[in-house]
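The basis for the numbers below is simple: all heavy atoms, side chains too, and nothing from hydrogens, waters or symmetry mates.
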Amino acid sequence: MNGAVVHAYSRAKDGGVFLTANFRVQEFACQDGSDTIFISSALAQVLQQIRAHFGKAVVINSAYRTESHNRAVGGSPNSQHLYGLAADIAVQGVTPAAVADYAETLLPGTGGVGRYPGFTHVDVRKKMARW
């Protein structure tokens with residue numbers, strides 16, 4: 001699975017549109033309030049699979065980021081968030097490590113999975129990255 005298919009959306013026009021059974025466009029919006037949102041369809045599908053597996057809501061803490069917002073939050077200059085390929089997520093009652101372990105099964109040999117104390121980073125880049 002790779003994140004090659006990225007769509008551009010408008011928060012104002014498309015915010016309520018469902019990308020999958022449980023995820024709407026607005027959940028992927030940059031926290032700076034900008035209107036344009038880039039979202040990989042593969043990323044939305046991976047998040048949907050995570051939700052189905054755990055049977056609990058997946059909270060997206062950060063997905064698409066504008067360059068200025070990414071800089072403001074200390075993101076990597078080449079962050080996958082800039083391209084609509086990444087999301088930092090949390091599943092209530094599930095440890096970030098357990099979420100990461102399951103994400104690994106969805107992204108064998110590809111994508112990014114990052115383990116943090118309060119969330120899990122998941123992205124659909126072509127090459128494999130783990131941290």
Side-chain angles (χ1 to χ4, degrees):
M1 182 178 303
N2 76 46
V5 180
V6 175
H7 301 280
Y9 297 92
S10 159
R11 181 194 302 247
K13 279 181 33 187
D14 307 315
V17 172
F18 279 97
L19 299 168
T20 67
N22 298 103
F23 291 98
R24 294 177 191 256
V25 167
Q26 63 199 10
E27 295 177 76
F28 293 81
C30 185
Q31 295 171 356
D32 69 2
S34 56
D35 185 60
T36 301
I37 308 166
F38 292 103
I39 308 168
S40 160
S41 54
L43 176 64
Q45 290 301 319
V46 166
L47 298 186
Q48 185 64 44
Q49 288 176 279
I50 291 169
R51 187 189 193 288
H53 176 77
F54 291 107
K56 298 180 177 185
V58 171
V59 176
I60 300 173
N61 300 322
S62 179
Y64 171 68
R65 294 180 192 156
T66 61
E67 286 187 39
S68 59
H69 184 69
N70 189 60
R71 272 193 309 276
V73 299
S76 163
N78 296 315
S79 172
Q80 299 301 299
H81 290 276
L82 295 168
Y83 312 111
L85 300 176
D88 295 337
I89 62 172
V91 180
Q92 187 170 7
V94 180
T95 66
V99 174
D101 288 345
Y102 181 65
E104 296 256 6
T105 71
L106 299 175
L107 299 164
T110 188
V113 178
R115 297 160 186 261
Y116 294 90
F119 65 92
T120 306
H121 171 97
V122 178
D123 71 56
V124 292
R125 71 182 79 192
K126 290 181 183 178
K127 293 184 178 180
M128 183 174 157
R130 301 292 187 266
W131 63 95

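At a threshold of 4.5 Å between non-hydrogen side-chain atoms, the residues V99 and H53 do not count as touching. With contacts defined as side-chain heavy-atom distances shorter than 4.5 Å, the pair M128/R130 qualifies. The shortest distance between side-chain heavy atoms of T66 and T36 does not fall below 4.5 Å. Residues I39 and H7 are not in side-chain contact: their nearest non-hydrogen atoms beyond the backbone lie 4.5 Å or more apart. Annotation: side chain of H69 is in contact with side chain of Q31 (closest heavy-atom distance under 4.5 Å). Within the 4.5 Å cutoff, the side chain of V59 has no heavy atoms near those of the I89 side chain. By the 4.5 Å heavy-atom criterion applied to side chains, E67 and L82 are counted as neighbours.
Atom CD of E104 has more than 12 heavy atoms from other residues, nucleotides or ligands within 6.0 Å.
S34 and D32 share a donor-acceptor pair across their side chains, judged by distance under 3.5 Å alone.
Here the side chain of D123 pairs no donor or acceptor atom with the backbone of G111 at under 3.5 angstrom. A donor-acceptor contact shorter than 3.5 Å is absent between the side chain of D14 and the backbone of V25. Side-chain atoms of R125 never come within 3.5 Å of backbone atoms of Q80 as a donor-acceptor pair (strictly under, hydrogens ignored). For the pair T110 (side chain) and K126 (backbone), a donor-acceptor distance under 3.5 Å is present. No donor-acceptor distance shorter than 3.5 angstrom exists from the side chain of S40 to the backbone of V6, with no hydrogens or angles considered.
Within the 6.0 Å centre-distance limit, the rings of H81 and H121 are counted as a close aromatic pair. Ring to ring, Y64 and F28 are not that close: their centroids are 6.0 angstrom or more apart.
Closest of all the heavy-atom pairs between Q48 and N22 is NE2-OD1, 2.6 Å. The two residues L19 and A44 come nearest to each other via the heavy atoms CB-CB, 4.3 Å. Closest heavy-atom contact between A29 and I37: CB-CD1, 3.5 Å. In terms of heavy atoms, G118 sits closest to A90 at O-CB, 4.1 Å. D35 approaches S10 most closely through the heavy-atom pair OD2-OG, 2.8 Å. Across all non-hydrogen atoms, the minimal contact from S76 to N70 is O-ND2, 2.8 Å.
Under a 4.5 Å side-chain heavy-atom cut-off, the cluster of Ile, Leu, Val, Met, Phe, Trp and Tyr residues that includes F119 is completed by Y116, W131.
Taken together through direct or relayed side-chain contacts under 4.5 Å among Ile, Leu, Val, Met, Phe, Trp and Tyr, I60 and V17 form part of one hydrophobic cluster.
Atoms OG1 and OH, on T120 and Y102 in that order, are 13.5 Å from each other to the nearest 0.5 Å. Atom OG1 in T20 sits 6.5 Å away from atom CD in Q45 (nearest 0.5 Å).
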